[in-house]
K.L.:
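Can you read through this structure? Questions will come right after.
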Amino acid sequence: MPIVLGKQEVAAVYRTAAGRGWVVPTFCAENQITVEAVFAACQAKAVELATRVPVTIAMTGRYAHRAQAVHYAGSRNPETGMELFLGDCEVLARPGGDYPAVDVLTHFDHGQYDVDAAVLDGDLSRFSSVMYDASAAPWADNLAMTADFVARHGEDVLVEGAADEIVDAGGTMHGELTSPERAEEFVARTGVDMVVANLGTEHRASAADLRYVPEAARAIAERIGARLVLHGASSVPPAQLATLFADGVCKVNIWTILERDTSPLLLRAMLEHADAVAGPTAATLAGEGLLGPAAPAAGAADIAYFTSSWRNQVVREGMQRIVAGYLDLWYR
């Protein structure tokens, strides 16, 4: 079916999911391969469960930690990237398309109050929801700017705000867990529909010492209801996330694991078919010590392996398996 748009229609999708005890996953994307892998996994889950399933597909704009609209287009023009992303979503979700049992929601993620102002102040009608992210600003400014955005757009689109900044892994900063009082004040003073809180995760992390803290989520949900959004889900093992709905989380964001964990799959597949991928160059690489003796290097190049179509298929299938694993956690 077409992308679900309009605040009331999108809110109805979340209500239906909540009635089933489902937390709605948001998978970010910076290429069409990811978008279709997500849709394919969701369609398979819908067939398995014999019911429609919702999913949010998201993209950041000029977000400093990862400007996905920039990376979506080879020209590195974020406006082009955004149009390509939305166009891909609209084509793949079209009536009569390949994924008819998926309720697709589009989301503009980490919309920055400064560098993404053109998007945030523009026509948001192609997005099901928007994250207005002023978490890097001082607290009072975050409250005021987010409230102003809600006042201007909150009647038309579901709005997600950030009570705290979810930091990037690898640095020296580690955010404090969001307190129930802070989350409650943020919701009360801004009017957001959903709120990002720091619940122990970080962006782009795989650190062994990180842990999602369900107690923190439940304490906040007791104050504000089930409107929490978890970011940085790739930073903890999926098994830690099985209780999200019961903890008051209605939406969870995932991206890093899709790219991080499929790159090794592609590397292995290319090594296993080195000569078919690279032809005579495989023997040259072996001679340089870059290919080991187990990698085939004597065969000819094969169109079944040296095309971007084959490489994309390896990545897409890997991403689809990862998405399916998360859906198994949350859609039962």
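Keep in mind that this is a model prediction, so the values were computed, not measured.
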K.L.:
Would you check if there is a donor-acceptor pair between the side chains of Y72 and D88 at a distance under 3.5 Å?
P.N.:
yes
K.L.:
Measuring from atom CZ of F39 to atom OH of Y99, what distance do you get when rounded to the nearest 0.5 angstrom?
P.N.:
8.5 Å
K.L.:
With a cut-off of under 6.0 Å to the ring centre and 45° to the axis, is R20 in cation-pi contact with W330?
P.N.:
no
K.L.:
H65 and H110: aromatic ring centres closer than 6.0 Å?
P.N.:
no
K.L.:
Say you draw a straight line from CZ of F186 to OG of S135; how long is it, rounded to the nearest 0.5 Å?
P.N.:
8.5 Å
K.L.:
State plainly whether the residues E155 and K7 are in salt-bridge range, i.e. N to O under 4.0 Å.
P.N.:
no
K.L.:
Can you tell me how far apart CG (L228) and CZ (F245) are? Round to the nearest 0.5 Å.
P.N.:
12.5 Å
K.L.:
Any luck finding a side-chain donor-acceptor pair between N312 and S309 under 3.5 Å?
P.N.:
no
K.L.:
Indicate yes or no: at least one non-hydrogen side-chain atom of H231 is less than 4.5 angstrom from one of D109.
P.N.:
yes
K.L.:
Could you tabulate the donor-acceptor pairs under 3.5 Å formed by side-chain atoms of residues 272-290, not counting sequence neighbours?
P.N.:
residue	atom	partner	partner atom	Å
E272	OE2	R268	NH1	3.4
H273	ND1	A269	O	2.9
D275	OD2	G299	N	2.8

K.L.:
Using the side-chain hydrogen bond (donor to acceptor under 3.5 Å, both in side chains) rule, take D247 and Y212 through it: C-alpha gap first, then chi angles, then the decisive distance, then the call.
P.N.:
CA-CA 11 Å; D247 300 335; Y212 162 65; 2.6 Å; yes
K.L.:
Out of V115, D133, V130, which one pairs with L120 under the side chain to side chain contact (heavy atoms under 4.5 Å, CB included) rule?
P.N.:
V130
K.L.:
Testing the basics here: between G200 and N198, what is the closest heavy-atom pair and its distance to 0.1 Å?
P.N.:
N-OD1, 3.0 Å
K.L.:
Check step by step if side-chain hydrogen bond (donor to acceptor under 3.5 Å, both in side chains) holds for D164 and T178.
P.N.:
CA-CA 7 Å; D164 277 307; T178 301; 2.6 Å; yes
K.L.:
With no hydrogens and no angle check, just 3.5 Å: does a side-chain donor-acceptor pair link Y331 and E48?
P.N.:
no
K.L.:
Apply side-chain hydrogen bond (donor to acceptor under 3.5 Å, both in side chains) to the pair S75 and N77, showing each step before the final yes or no.
P.N.:
CA-CA 5 Å; S75 66; N77 182 332; 5.1 Å; no
K.L.:
Could you give the distance from CZ (R321) to OH (Y326), rounded to the nearest 0.5 Å?
P.N.:
14.5 Å
K.L.:
Looking only at heavy atoms, which two atoms of V13 and P54 are closest? And how far apart?
P.N.:
CG1-CB, 3.6 Å
K.L.:
Given side-chain hydrogen bond (donor to acceptor under 3.5 Å, both in side chains), test N31 with E36 step by step and report yes or no.
P.N.:
CA-CA 9 Å; N31 52 69; E36 192 157 14; over 6 Å; no
K.L.:
Specify the closest pair of heavy atoms between A134 and T146, including all atoms of both residues, with the distance to one decimal.
P.N.:
CB-OG1, 4.2 Å
K.L.:
Report yes or no: do L86 and V119 belong to one cluster of Ile/Leu/Val/Met/Phe/Trp/Tyr joined by side chain heavy-atom distances under 4.5 Å?
P.N.:
yes
K.L.:
Do V159 and V157 come close enough that some side-chain heavy atom pair is under 4.5 Å?
P.N.:
yes
K.L.:
Under the side chain to side chain contact (heavy atoms under 4.5 Å, CB included) test against K251, which residue among R227, M194, M131 passes?
P.N.:
M194
K.L.:
Flag the pair R182 and E176 as a salt bridge only when some basic side-chain nitrogen lies within less than 4.0 angstrom of an acidic carboxylate oxygen.
P.N.:
no
K.L.:
Run the salt-bridge test on R62 and D114 with the 4.0 Å N-O cut-off and return the result as yes or no.
P.N.:
no
K.L.:
Would you call I254 and C28 a side-chain contact if the rule is heavy atoms closer than 4.5 Å?
P.N.:
no
K.L.:
Are side-chain heavy atoms of R316 and T262 found at a separation under 4.5 Å?
P.N.:
no
K.L.:
Is L105 close to V55 at the side-chain level, that is, under 4.5 Å between some pair of heavy atoms?
P.N.:
no
K.L.:
So do V10 and L5 actually touch side chain to side chain, heavy atoms under 4.5 Å?
P.N.:
no
K.L.:
Quick one: which of T26, L158, D193, V229 gives a side chain to side chain contact (heavy atoms under 4.5 Å, CB included) with S129?
P.N.:
L158
K.L.:
Can you check whether T56 reaches T106 side chain to side chain, under 4.5 Å on heavy atoms?
P.N.:
no
K.L.:
Flag the pair W22 / V53 as yes when at least one side-chain heavy-atom distance between them is below 4.5 Å, and no otherwise.
P.N.:
yes
